[in-house]
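Okay, so here's the structure we're looking at.
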Amino acid sequence: MKKLLLGNAAVARGAYEAGVKVVSSYPGTPSTEITENMVQYENLHVEWAPNEKVAAEVAIGASIRGARAMSCMKHVGLNVMADPIFTVSYIGATGGLVFCVADDPGMHSSQNEQDSRHYAKAAKIPMLEPSDSAECKEFTKMAFAISEEYDTPVFIRLSTRVSHSQSLVELCEPEEVSLKPYEKNIPKHVMMPAMAKGRHVVVEERTKKLLALAETDTFNKIENNGSRIGVITSGVSYEYAKEALGDSVNYLKLGMVYPLPEKLILDFAKNVDTLWCIEELDPVFEEHIRALGVAVKGKEYFTLLGEYSQNMIREAVAGVKLPSIAPADIPARPPVMCAGCPHRGTFYVLKKLGVTVSGDIGCYTLGAVAPLQAVDTTICMGASVSAAHGMSCAGGEETNKKLVSVIGDSTFIHSGITGLIDIVYNKGNNTVIILDNSITGMTGHQDNPTTGKTIRGEATKQVNLLALCRAVGVERVRVEDPFDLVGFEKAVKEELAADEPSVIIAQRPCALLKGVKYSGYCAVDSDACRGCKMCMKLGCPAISFKDGKAVIDRNQCNGCSLCTSVCHFGAIRKEEK
């Protein structure tokens, strides 16, 4: 039976058909749906881990025990799990071990554009790259087989367009894969220096065997269309090239992107007069091809930035420039926090107080967007806490009086706790605001250790943020409602004035959660409105300004009533539907 599937869903299907037993991940766009789709399959363990490092270690442990295991992450999540990744390359795999990493060319939902192929080369772990959903499923199954045959973890590299595009996939019955018997093997599994030296030899020998595999047509395929122009490409770039150039060129489609073949490339290059390399992000293939002594056209005709397009490829390779189409005259729609977002009250108060805000990764990063513009820095997951401590150390005691960290509940569990411990242990004096919206919001409402539910919606132990913060040594911990603007402002002022570390838990659930039911909507009495624009300072997408008066769009307003708190003239009132 064939079914239309997202690339991510196809990876999940491939893992299921391959007999995976353990899947541990942390949500991160564009990889999230892989793990979410695993929940539909029975007789396997699926979980959201607190962060990617933990997720990788869970999968590694399952593999050592003899089960097929998988962990999925976005490209910046691979940075977090890099420590165990480099070591498990030496350990290898007992049960098949697969890591799915989704890159984000164009930075649709990411803070950088890193190319994960570098990790494969640096860690000496084979990497497969599918170009459509059918290959997503098949390559995943092959990855488990390669992992066990060659005693290695295997990467599957996706990109936003492959992860989130749909194509037909042939559904098959799952394999019956037995748990391999556990055998104690200290030289293989204990990576102290003496053992690791021996395992490094194994890794280099394994790479030679994988290189021989890369020379076959199992993954890397030549499409000979009788042309004197050749294109070497992979992944979604292959799909773009096929649409742009059709059968007018020959293709070497690379499905195994590490290790890269040598003889196959040389043979392909001999049969064409002009060779092109088409790859998004870094010139990984191009540098390899040039190192083989082959002349190739690549990045000098393309770009290191963002995504490619069919038109870009057609113009570069075929010299055909399509007529430009004038962009439609439509207003820009930058991302904003949703109507009713609990973070809006927090940033309104922080902007009003003029404090420096060390920000983090989540929906609340949008606190940097006009008109709030309250966030000063955003680096990576958990950095809001650590970076603020560094700013405090550099700026002296007075800096603390105008400095706070903001971090979401899920992000705090991910990598904020250690930063808070650092502040306490090293006698810092910082205020940390945990934005507890009762969910992992930015990636699409995944549960986390603070919600009390597992990925399957089952009840579990819920992390008590108050007890946790007190346990690491913070004595000033309080819970505040960010929609109580007067009370929240008072709380922030008090904690900034304190001579010790403090935590404010800004607790109000995400407005989009199914259980959150605001009633009615807000409306503006135009006669009472003075046109002062105080309500506009909230940045709520439901509020606009027309003919000198505030206007609230009923279709967007969910009745959260925050705007009624900032109108000093009583011009905004709550109405029930």
Side-chain angles (χ1 to χ4, degrees), residues 105 115-118 120-121 124 126-132 134-136 138-139 142-143 146 150 154-157 159 162 207-304 308-310 312-320:
D115 193 323
S116 295
R117 291 177 294 176
H118 295 296
K121 183 177 181 180
K124 299 183 178 178
M127 176 177 275
L128 310 181
E129 183 174 5
S131 64
D132 60 18
E135 285 190 348
C136 282
E138 293 306 320
F139 280 22
M142 292 177 186
I146 290 172
Y150 292 87
V154 178
F155 279 124
I156 295 174
R157 182 194 185 225
S159 64
V162 174
T207 301
K208 293 178 183 177
K209 295 176 183 177
L210 288 165
L211 182 56
L213 177 65
E215 298 289 1
T216 71
D217 65 354
T218 306
F219 304 102
N220 303 324
K221 297 181 178 180
I222 292 176
E223 297 179 21
N224 189 343
N225 295 312
S227 175
R228 302 305 299 174
I229 300 173
V231 170
I232 298 179
T233 186
S234 70
V236 74
S237 296
Y238 166 77
E239 300 294 343
Y240 294 158
K242 288 286 285 186
E243 289 185 32
L245 306 172
D247 294 337
S248 66
V249 301
N250 298 342
Y251 297 93
L252 171 53
K253 177 183 177 296
L254 297 173
M256 177 176 277
V257 297
Y258 182 81
L260 288 169
E262 297 178 2
K263 184 178 181 299
L264 189 64
I265 290 174
L266 291 171
D267 289 345
F268 180 75
K270 287 177 184 176
N271 293 315
V272 296
D273 297 327
T274 306
L275 184 65
W276 288 83
C277 183
I278 301 176
E279 54 184 330
E280 291 182 333
L281 300 181
D282 294 340
V284 175
F285 298 163
E286 184 178 338
E287 290 175 359
H288 177 76
I289 295 165
R290 292 189 192 279
L292 295 175
V294 177
V296 61
K297 295 182 177 182
K299 289 299 179 182
E300 69 269 29
Y301 295 92
F302 292 104
T303 176
L304 293 165
Y308 286 3
S309 68
Q310 295 87 338
M312 181 191 298
I313 293 170
R314 185 183 292 110
E315 182 175 347
V317 179
V320 177

Can you check whether [X] reaches [Y] side chain to side chain, under 4.5 Å on heavy atoms?
X: Asp115; Y: Arg157; result: yes
X: Asn224; Y: Asn250; result: yes
X: Phe285; Y: Thr233; result: no
X: Thr274; Y: Val272; result: no

Nearest heavy atoms of [X] and [Y], plus distance in Å:
X: Phe219; Y: Met256; result: CB-N, 3.6 Å
X: Asn220; Y: Ala214; result: ND2-O, 2.8 Å
X: Arg314; Y: Leu245; result: CA-CD2, 4.2 Å
X: Arg117; Y: Val257; result: CG-CG2, 4.2 Å
X: Ser131; Y: Lys253; result: OG-CE, 3.4 Å
X: Leu213; Y: Thr218; result: CD1-OG1, 4.4 Å

Practice item. Sequence neighbours left out, what pairs pass ring pair (Phe, Tyr, Trp, His ring centres under 6.0 Å) with at least one residue falling in residues 257-281? Key: Trp276-Tyr301
Roughly how far apart are [X] [atom1] and [Y] [atom2], rounded to 0.5 Å?
X: Leu292; Y: Leu260; atom1: CG; atom2: CG; result: 9.0 Å
X: Lys242; Y: Gln310; atom1: NZ; atom2: CD; result: 13.5 Å
X: Ser116; Y: Leu281; atom1: OG; atom2: CG; result: 9.0 Å
X: Ile222; Y: Leu254; atom1: CD1; atom2: CG; result: 9.5 Å
X: Asp273; Y: Ser227; atom1: CG; atom2: OG; result: 8.5 Å
X: Leu128; Y: Ile156; atom1: CG; atom2: CD1; result: 6.0 Å

Check your understanding: Could you walk me through whether Ser248 and Ile229 pass the side-chain contact (heavy atoms from CB on, under 4.5 Å) check?
Key -> CA-CA 8 Å; Ser248 66; Ile229 300 173; over 6 Å; no
Set of residues satisfying side chain to side chain donor-acceptor pair (under 3.5 Å) with respect to [X], sequence neighbours excluded:
X: Asp247; result: none
X: Lys121; result: none
X: Ser234; result: Glu129
X: Tyr308; result: Lys299

Review point. Do Tyr238 and Glu223 meet the criterion of a side-chain donor-acceptor pair at a distance under 3.5 Å?
Key: yes
Check your understanding: Counting N and O atoms only, with roles assigned by atom type, does the side chain of His118 sit under 3.5 Å from a partner on the main chain of Val284, one being a donor and the other an acceptor?
Key ->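 No, the answer is negative, given that no donor and acceptor are paired below the 3.5 Å cut-off.
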Practice item. Indicate yes or no for a side-chain donor-acceptor contact from Glu215 to the backbone of Leu264 under 3.5 Å, with no hydrogens or angles considered. Key: yes
Review point. Residues two or more places apart in sequence or in another chain: which of them pass side chain to side chain contact (heavy atoms under 4.5 Å, CB included) with Val296?
Key: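 If we apply the side chain to side chain contact (heavy atoms under 4.5 Å, CB included) test to Val296, skipping adjacent residues, the hits are Leu275, Cys277, Glu286, Ile289, Arg290.
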